[in-house]
Amino acid sequence: MKPKRRPIKIRSQFLLAMTMLTVLLTVLFTVYLYESEKTELMNGIDNQLRTAAIMTQAMLPTGYHDHISGPDSVNEAEYLSIVDKYNKLCLTLDLEYLWSLMLIDGKVVFTTSTSPDEISQNKNQAAFFETHSNPEIYLPTLISMKPTYQINDDKWGRIRVALIPFQDSKGRPYLVGASIRLTEVDELLDRLIKQCFAFGFLLLCFSIILSFVLANSITKPIRSLTETMDKIYEGQDEVMAEDQGSFEQTELSRSFNSLSRRLHEKIAEIAEQEEKYRVIAENTGDVISVFNINQNKFTYISPSIMQLRRFTPEEAMSQSLEDSMTPESFKQINESFEIKINEFIQNPQSPNQYSSEIQQLRKNGDIIWVGITSKYLYNAKGEIEVINVSRSIEARKKTEKDILFLSYHDYLTGLYNRRFYEEKLRRLDTEENLPIALIMADLNGLKLANDSFGHETGDGLLKRTAEILRLQCQSSELVARIGGDEFIIVLPKSNEADAEKFIGRMRDAMSKDKDEHIVLSLSMGFAVKMNVSENMSEVFRKAEDDMYSHKSTESPEMRSKSVKLMLDSLFKKDAWENLHSVGVSEISASIATKMNYTPGEVNKIRIAGLMHDIGKIGLNDAILNKNQELTDAEWEEIKRHPEIGYRILNSVGEFHEIAWFVLSHHERWDGKGYPKGLKHEEISFHARILAVADAYDAMRSDRTYRKALSEEEAIAEIRAGSGLQFDPEIVKILIGNVLEKDGF
């Protein structure tokens with residue numbers, strides 16, 4: 001929206017200016033004319049008086065003043081003769097009266113004068129002088145000896161007086177005065193004033209008329225240019241000024257038209273740039289806002305505020321600065337305003353760009369982190385404005401929070417990590433927290449879980465253990481994961497009884513956590529710091545030794561229980577596997593017995609037969625129970641079960657030897673088996689027995705994808721594999737001695 005523009009009234013303004021100038025000049029001229037005439041008149045009077053005074057002095061007898069010694073010392077006859085001459089001179093020069101006086105012994109003495117009637121009658125000059133005049137007014141002239149001119153008021157009216165100083169032969173000062181009545185002069189001055197003002201009025205009228213004519217003539221082309229400029233301002237395109245009459249005006253119009261064309265080009269360019277910046281401002285993901293410091297309100301907010309805070313620009317602009325953010329952020333911004341504004345006022349040319357991070361409110365009440373870049377500047381009115389560019393930094397803040405969390409927490413369990421434990425322990429290791437119990441805990445069977453079921457299962461055990469530890473710890477107690485399967489618990493102000501009580505609670509909680517594959521078991525040991533002098537590292541070592549002493553007995557027991565638990569779990573979810581394992585166990589034991597193995601060896605192979613497929617507990621049930629033909633990838637998965645079984649059994653000392661039998665029970669006599677491709681005697685004798693027993697029992701059992709083979713069919717298959725898949729000697733024992741069939 002364009003700002004409202006006040007129209008330019010160039011003619012009236014010019015006319016007003018011309019009129020005021022004319023009035024001023026007329027008044028000044030009138031005053032000057034009057035003062036000039038008045039000065040010239042008064043100068044003429046003063047010259048007339050000076051001439052009269054000089055003539056008066058010339059009429060005095062030579063040495064007249066030499067013999068004057070005081071008042072009335074002049075001979076009366078002589079005095080009357082002088083007065084007669086004075087009167088005649090006054091009549092001749094149209095003067096009021098003439099006189100002379102002198103300074104004798106510091107006193108003004110009146111000597112001669114044309115006498116008014118009172119003097120003529122009185123004949124006492126001194127008495128008259130003292131009665132009707134002020135001797136003091138003559139002293140400055142007598143002292144300075146310079147002519148002076150005065151206007152005096154006496155009983156006979158206003159008079160102009162000239163005082164001309166002289167000296168007698170003795171060097172004494174005297175002066176001759178001449179005066180003229182100003183009544184006629186005043187009348188002349190009154191007439192002069194009237195004449196001047198009459199002349200001034202006529203001159204003023206003429207000047208006003210002339211000003212109007214000139215204003216109309218001079219401002220006409222300017223008005224035309226102004227009207228053209230108004231049209232340009234209103235947005236009319238291709239508006240040009242008309243050529244005027246005079247050369248100068250025509251050149252001015254042409255220059256204006258050139259300027260107008262250039263202005264249109266610039267306006268078009270600015271409009272294009274403005275539209276470009278408007279599109280950028282309204283479509284950028286960042287929010288652009290303008291906050292006026294002087295008005296204490298937002299004057300612009302870009303539409304992208306909808307994406308950031310869910311407010312429309314109008315709704316956001318109606319909010320105060322305080323309402324647009326959380327109280328903590330407003331306090332932060334408000335405190336920095338005064339500093340930044342002072343910096344800007346002191347140095348407006350400096351970059352004065354500032355960055356800040358605040359929390360703002362969304363329309364639904366959610367709080368988001370926003371990063372703001374601000375710049376201070378003056379607007380066209382001289383007000384201070386802050387240009388802000390803001391964007392959401394929620395993702396970055398979350399990342400920072402996650403990084404901060406991970407720097408002090410274990411990424412898997414969420415417990416504190418070793419770094420935090422060591423820093424926290426230094427703060428807790430004070431006398432006021434004594435005694436301090438340190439409990440070391442090690443998760444039993446983690447490697448068994450990882451090897452058997454993969455690291456996801458092992459990670460699950462760690463998480464479950466961590467959650468149990470977290471629930472058993474109070475707010476003042478510290479629990480941290482300091483290694484792969486190691487945890488530490490710090491109990492401030494706790495003795496041995498408190499530590500044993502905590503361990504008891506943990507054992508009860510873990511015994512209630514059931515798993516179909518792994519027995520959850522935690523070996524724990526503790527030590528207590530009783531004195532300040534004890535080193536915490538030594539307490540840690542004692543707790544660790546105590547934990548390992550428990551682990552040496554608890555861990556094997558746990559693994560053995562876990563193996564049995566896994567075998568039971570495998571048999572529960574697959575009844576065929578249970579029957580098959582029992583069958584393989586019995587057939588293997590029979591073969592070993594017929595081969596005259598000792599009872600101990602027979603028992604080993606019986607157990608190996610029972611556990612030979614325990615590795616299938618770590619396989620996908622969907623593959624194990626699939627009715628259709630397996631894909632290559634699924635078959636490769638199936639072929640992993642001997643290795644899984646080996647890792648499960650090898651972790652338990654009592655099953656260590658059996659683990660080797662299980663690992664090789666799918667090796668072939670011709671070397672084409674798995675997992676290692678062993679052949680002939682490279683395969684353990686026990687594994688060769690398991691291979692024959694496993695194959696025979698599998699063929700004699702019903703499966704979902706086929707019916708069981710008859711004994712004859714199964715024997716035929718075994719014979720066909722003799723020397724290829726199976727050890728020929730063991731095949732002969734199975735068929736001839738165990739099954740008691742002829743042909744061998």
Side-chain angles (χ1 to χ4, degrees), residues 567 576-616 638-646 649-650 655-703 706 708-744:
L567 192 61
W576 179 86
E577 191 65 51
N578 186 9
L579 294 174
H580 172 64
S581 295
V582 171
V584 172
S585 175
E586 294 302 322
I587 293 173
S588 298
S590 297
I591 294 174
T593 301
K594 294 298 181 179
M595 295 181 72
N596 297 317
Y597 272 74
T598 64
E601 293 298 321
V602 171
N603 189 52
K604 283 182 185 179
I605 203 165
R606 177 182 286 110
I607 295 173
L610 191 64
M611 294 184 173
H612 77 285
D613 275 344
I614 193 172
K616 290 182 179 180
I638 289 290
K639 289 165 67 174
R640 290 179 55 243
H641 79 275
E643 295 179 82
I644 296 174
Y646 168 77
L649 298 174
N650 192 52
F655 300 133
H656 179 72
E657 189 175 5
I658 293 173
W660 289 100
F661 307 159
V662 171
L663 177 64
S664 305
H665 79 278
H666 277 292
E667 298 287 355
R668 289 170 56 104
W669 181 255
D670 58 8
K672 296 181 180 180
Y674 61 88
K676 294 186 176 183
L678 304 178
K679 65 180 180 179
H680 299 167
E681 281 76 13
E682 292 176 347
I683 308 169
S684 68
F685 203 76
H686 302 76
R688 282 180 270 161
I689 294 175
L690 288 175
V692 174
D694 181 31
Y696 179 77
D697 187 81
M699 287 185 285
R700 292 285 293 136
S701 304
D702 287 331
R703 301 306 304 270
R706 64 160 176 81
L709 300 180
S710 65
E711 186 178 41
E712 291 75 14
E713 291 172 331
I715 291 173
E717 289 291 331
I718 293 295
R719 282 198 179 104
S722 178
L724 298 175
Q725 182 176 354
F726 309 116
D727 181 345
E729 182 66 24
I730 296 175
V731 171
K732 186 186 299 185
I733 297 297
L734 171 67
I735 297 175
N737 297 90
V738 175
L739 300 178
E740 297 180 351
K741 298 295 180 180
D742 296 334
F744 282 93

Nearest heavy atoms of [X] and [Y], plus distance in Å:
X	Y	answer
E657	K604	OE1-NZ, 2.6 Å
D697	L579	OD2-O, 4.5 Å
A592	I605	CB-CG2, 3.8 Å
L690	S588	CD2-OG, 3.4 Å
V662	A608	CG2-O, 4.3 Å
A659	L649	CB-CB, 3.7 Å

Please work out whether the ring planes of Y597 and F685 are parallel, tilted or perpendicular, with thresholds of 30° and 60°.
-> parallel
With under 30° as parallel and over 60° as perpendicular, where do the rings of Y674 and H666 fit, or are they tilted in between?
-> parallel
Value rounded to 0.5 Å, distance of [atom1] in [X] from [atom2] in [Y]:
X	Y	atom1	atom2	answer
M595	K732	CE	NZ	11.0 Å
I689	I587	CD1	CD1	12.0 Å
L610	D613	CG	CG	10.5 Å
S684	H686	OG	NE2	7.0 Å
L739	I591	CG	CD1	8.0 Å
I644	I614	CD1	CD1	11.0 Å

Is any side-chain heavy atom of [Y] closer than 4.5 Å to one of [X]?
X	Y	answer
I733	E729	yes
V584	H665	no
K676	S664	no

Verify the neighbour count for atom NZ of K679: are there more than 12 heavy atoms of other residues, nucleotides or ligands below 6.0 Å?
-> no
Donor-acceptor contact below 3.5 Å, side chain [X] vs main chain [Y]:
X	Y	answer
R688	I683	yes
R668	F726	no
E667	L678	yes
S590	E586	yes
S585	R606	yes
E643	R640	no

Side chain to side chain contact (heavy atoms under 4.5 Å, CB included) assessment of M699 paired with I718 = CA-CA 10 Å; M699 287 185 285; I718 293 295; 3.5 Å; yes
Do L734 and Y696 pass the side chain to side chain contact (heavy atoms under 4.5 Å, CB included) test, and can you show the C-alpha distance, the side-chain angles, and the key distance before you say yes or no?
-> CA-CA 9 Å; L734 171 67; Y696 179 77; 4.1 Å; yes
Can you check whether H612 and H580 have ring centres sitting under 6.0 Å from each other?
-> yes
Output, in order, the C-alpha distance, side-chain angles, deciding distance and verdict of side chain to side chain contact (heavy atoms under 4.5 Å, CB included) for E681 and W669.
-> CA-CA 8 Å; E681 281 76 13; W669 181 255; 3.8 Å; yes
By ring pair (Phe, Tyr, Trp, His ring centres under 6.0 Å), which residues pair with Y646, not counting sequence neighbours?
-> W660
